[in-house]
Amino acid sequence: MTHADEIVVLLLGQPQKLASGTTLAQLVSTLGHAPAAVTTAVNGMFVARGQRVTCVLRPDDAVLLFEPIVGG
C-alpha cells in the first residue's frame, strides 16, 4: 500500500515508488542518467527529451529507459 503522496510505476518491469507529481525528467535525473544519455518511453510511447519535464508520471505507468547503441 502506498501513501497518498506516492505512486507506483513500472520501471523496466519492476515496481518503483515515486512521489506523486514526479516528472519523467526528474526520474531520469534521480536515477543518475544524463538527459542525453538515455531514450525514454512511457506506456510504449516515445517521449522526446524536451517533453520529459512536462510528462508527469501516473500510477501504473510503464517506464522504459534505453541507452543508445553507439558504434558499428
Side-chain angles (χ1 to χ4, degrees):
M1 185 158 186
T2 63
H3 294 85
D5 59 346
E6 289 182 337
I7 63 168
V8 176
V9 299
L10 288 178
L11 176 60
L12 303 172
Q14 299 297 315
Q16 175 79 36
K17 287 184 184 180
L18 301 173
S20 182
T22 298
T23 65
L24 185 56
Q26 290 169 320
L27 177 59
V28 169
S29 177
T30 298
L31 294 173
H33 296 290
V38 293
T39 300
T40 54
V42 176
N43 300 324
M45 300 293 292
F46 169 74
V47 179
R49 193 177 323 147
Q51 295 174 328
R52 293 177 191 163
V53 72
T54 60
C55 180
V56 178
L57 298 171
R58 295 180 298 223
D60 301 319
D61 276 349
V63 180
L64 296 175
L65 305 178
F66 305 92
E67 291 188 30
I69 297 172
V70 180

Tell me if a side-chain donor or acceptor on R52 pairs with a main-chain N or O of V28 at a distance below 3.5 Å. no

Spatial distance of atom CG (L27) from atom OG1 (T40) [nearest 0.5 Å]: 9.5 Å

Can you give me the closest heavy-atom contact between V8 and P15, atom names plus distance? CG1-CB, 3.9 Å

Report all side-chain donor-acceptor pairs from residues 58-68 shorter than 3.5 Å, counting only partners two or more places apart or in another chain.
unit_1, atom_1, unit_2, atom_2, d
D61, OD1, N43, ND2, 2.9
D61, OD2, R58, N, 2.8

Test log, rule side chain to side chain contact (heavy atoms under 4.5 Å, CB included), inputs V38 and L31: CA-CA 11 Å; V38 293; L31 294 173; over 6 Å; no

Out of curiosity, does V47 fall in the hydrophobic cluster containing L12 (side-chain heavy atoms, cut-off under 4.5 Å, transitive links)? yes

NZ-CD1 distance between K17 and I7, expressed to the nearest 0.5 angstrom: 12.5 Å

